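Beneath this line is the structure, given in structure tokens, with notes to follow.
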Number of protein chains: 2
Amino acid sequence: MQKEEIADLQIRFGVHLRKIREDKGLSLREVADRCDLDNSNISKIENGQFNIQLSKIFELAKGLGVSAKDLLDF
Amino acid sequence: MQKEEIADLQIRFGVHLRKIREDKGLSLREVADRCDLDNSNISKIENGQFNIQLSKIFELAKGLGVSAKDLLDF
DNA sequence: TGATTTGCGGTAATATATTACCGCATTTAT
DNA sequence: ATAAATGCGGTAATATATTACCGCAAATCA
């Protein structure tokens with residue numbers, strides 16, 4: 001997988017993640033509290049700046065109240 | 001998320017990944033060729049030794065001919 | 001208007017994944 | 001019995017994610 005493809009994937013994931021969060025009416029800081037993460041980092045994930053790990057996908061899913069597979073449904 | 005939880009997650013993911021591969025009747029080296037990865041590393045992923053990244057989930061899904069969300073369906 | 005919330009960019013130290021390589025032991029095929 | 005395939009452990013160099021900070025600008029609220 002090329003760098004560009006990965007960057008594109010991160011962006012698409014981030015857009016999807018943001019939509020889920022906003023549909024739930026949560027702020028970055030609220031999600032951060034639920035996930036034990038920092039709001040700035042979730043912001044970066046949503047903006048496609050990180051190629052996050054498996055465990056983080058599950059942490060985010062838990063914090064957002066959705067299943068992990070839902071986070072990859074885009 | 002604690003270290004132990006992450007280790008457990010990796011193992012469950014690996015077990016699921018292996019099942020998908022074996023259901024397709026593929027060897028590690030065959031999947032490795034399709035994914036442009038090394039067979040030893042896929043072995044380690046299946047054995048829960050890696051907390052892989054988002055992009056790698058998609059690479060594996062492509063190589064296995066399934067959707068990424070299917071890989072998290074366990 | 002003043003205060004709070006929100007999203008976001010920057011940073012630096014640390015931890016971790018990535019990658020390709022080697023070879024071995026076991027299983028499977030000829 | 002011989003050869004090939006398979007799964008897997010070890011390693012070392014490199015790249016990358018992680019984490020918790022800080023503070024700002026714009027939006028929202030009292």
Side-chain angles (χ1 to χ4, degrees), chain A residues 1-66 68 71-72 74, chain B residues 1-66 68 71-72 74:
Chain A
M1 211 169 180
Q2 314 296 337
K3 270 195 175 183
E4 203 169 332
E5 282 181 87
I6 294 177
D8 185 67
L9 174 64
Q10 291 176 196
I11 289 175
R12 284 186 290 122
F13 175 79
V15 168
H16 180 61
L17 187 67
R18 166 158 300 156
K19 169 160 178 44
I20 291 175
R21 177 177 62 81
E22 292 183 340
D23 285 353
K24 300 262 179 180
L26 298 170
S27 71
L28 288 178
R29 281 176 172 81
E30 282 173 325
V31 176
D33 287 342
R34 294 163 174 239
C35 297
D36 199 34
L37 291 174
D38 190 85
N39 72 83
S40 69
N41 295 324
I42 298 182
S43 168
K44 287 162 191 161
I45 294 170
E46 287 188 348
N47 285 308
Q49 295 171 38
F50 281 133
N51 191 3
I52 63 172
Q53 290 167 229
L54 180 70
S55 58
K56 198 150 298 296
I57 294 173
F58 279 78
E59 285 182 55
L60 289 170
K62 186 176 178 183
L64 288 168
V66 299
L71 289 192
L72 296 200
F74 60 91
Chain B
M1 211 170 180
Q2 313 296 338
K3 269 195 174 182
E4 202 170 332
E5 283 181 87
I6 294 177
D8 185 67
L9 174 64
Q10 291 176 195
I11 289 175
R12 284 186 290 123
F13 175 78
V15 168
H16 180 60
L17 187 67
R18 166 157 301 154
K19 171 160 176 44
I20 290 176
R21 177 176 63 81
E22 292 183 340
D23 285 352
K24 300 263 179 180
L26 298 169
S27 71
L28 287 178
R29 281 176 172 81
E30 282 172 325
V31 176
D33 288 343
R34 293 161 174 240
C35 298
D36 198 34
L37 292 174
D38 190 85
N39 73 84
S40 70
N41 295 325
I42 297 181
S43 168
K44 287 161 192 162
I45 294 170
E46 287 189 351
N47 285 307
Q49 295 171 38
F50 281 133
N51 191 3
I52 62 171
Q53 289 167 234
L54 180 70
S55 57
K56 197 150 300 295
I57 294 174
F58 279 78
E59 286 181 54
L60 289 170
K62 187 176 178 184
L64 289 167
V66 299
L71 289 192
L72 295 200
F74 60 92

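Note that these values count all heavy atoms, side chains included, but never hydrogens, waters or copies made by symmetry. Remember, it's a predicted structure, so these values are computed and weren't measured experimentally. Note on naming: letters A, B, ... go to the chains in the order of the sequence lines (proteins, then strands), and numbering restarts at 1 for each one.
Atom CD of B:Glu46 is separated from atom P of D:dC8 by 7 Å (rounded to the nearest Å). One interatomic measurement links the two molecules: CD1 of B:Ile52 to C1' of D:dT16, which rounds to 15 Å at whole-angstrom precision. The distance from atom CE of A:Met1 to atom C1' of C:dA17 is 16 Å, rounded to the nearest whole Å. Atoms CZ (A:Phe50) and P (D:dA15) sit 18 Å apart, rounded to a whole Å. The distance between atom NZ of A:Lys3 and atom C1' of D:dA15, rounded to the nearest whole Å, is 9 Å. Going from atom CG of B:Asn51 over to atom P of C:dT18 covers 8 Å, rounded to whole Å. Here the C1' atom of nucleotide C:dA17 and the CD atom of B:Gln53 are 6 Å apart, to the nearest Å. B:Ile45 places its CD1 atom 12 Å from the P atom of C:dA20, with the value rounded to the nearest Å.
Counting only heavy atoms from C-beta outward, the side chains of B:Leu60 and B:Ile20 never approach each other to under 4.5 Å. Using a 4.5 Å heavy-atom threshold, the side chains of A:Asn47 and A:Arg18 count as touching. No side-chain heavy atom of A:Ile6 sits less than 4.5 Å from a side-chain heavy atom of B:Gln53. Looking at heavy atoms from C-beta onward, A:Val31 lies out of side-chain contact with A:Lys24 at the 4.5 angstrom threshold. Between A:Leu71 and A:Phe13, the closest side-chain pair of non-hydrogen atoms falls below 4.5 Å.
To the nearest 0.5 Å, the span separating SG on A:Cys35 from CG on A:Asn41 amounts to 11.5 Å. The CG atom of B:Leu26 sits 6.5 Å away from the CG atom of B:Leu64 when rounded to the nearest 0.5 Å. Rounded to the nearest 0.5 Å, atoms CD1 (B:Ile42) and CD1 (B:Ile52) are 10.0 Å apart. Here the CD-CG distance, from B:Glu30 to B:Asn39, works out to 11.5 Å after rounding to the nearest 0.5 Å.
A rotation axis mapping the C1' atoms of four pairs onto the next four is fitted at both ends of the helix from C:dT1-D:dA30 to C:dT30-D:dA1 over five pairs, and the angle between these axes is 60° to 10 degrees.
Annotation: proximity of residues 54-62 of chain B to DNA chain D (heavy atom, distance under 4.0 Å) is found for no residue. DNA chain C lies under 4.0 Å from at least one heavy atom of each of the following residues of residues 26-40 of chain A: A:Ser27, A:Leu28, A:Arg29, A:Asn39, A:Ser40. Shown for residues 7-18 of chain A: residues whose heavy atoms fall under 4.0 angstrom of DNA chain C, namely A:Arg18.
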Applying side-chain contact (heavy atoms from CB on, under 4.5 Å) to A:Leu17 and A:Phe74, what does each step give before you reach the verdict? CA-CA 10 Å; A:Leu17 187 67; A:Phe74 60 91; over 6 Å; no
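Between C:dA17 and B:Gln49, no contact under 4.0 Å exists linking OP1 or OP2 to a side-chain N or O.
B:Asn51 meets the side-chain hydrogen bond (donor to acceptor under 3.5 Å, both in side chains) test with A:Ser55; sequence neighbours excluded. Here A:Arg34 pairs with nothing under the side-chain hydrogen bond (donor to acceptor under 3.5 Å, both in side chains) rule; sequence neighbours left out.
Judged by distance alone with a 3.5 Å cut-off, a donor-acceptor contact links the side chain of A:Lys44 to the base of C:dG10.
Using a 4.0 Å cut-off between charged side-chain N and carboxylate O, A:Arg21 and A:Glu46 make a salt bridge. Between B:Asp33 and B:Arg29 there is no salt bridge, since no side-chain N of the basic residue sits under 4.0 Å from a carboxylate O of the acidic one.
Looking at heavy-atom distances under 4.0 Å, B:Asn47 makes contact with sugar-phosphate atoms alone, never a base. Within 4.0 Å (heavy atoms only), A:Glu22 reaches no atom of the nucleic acid at all.
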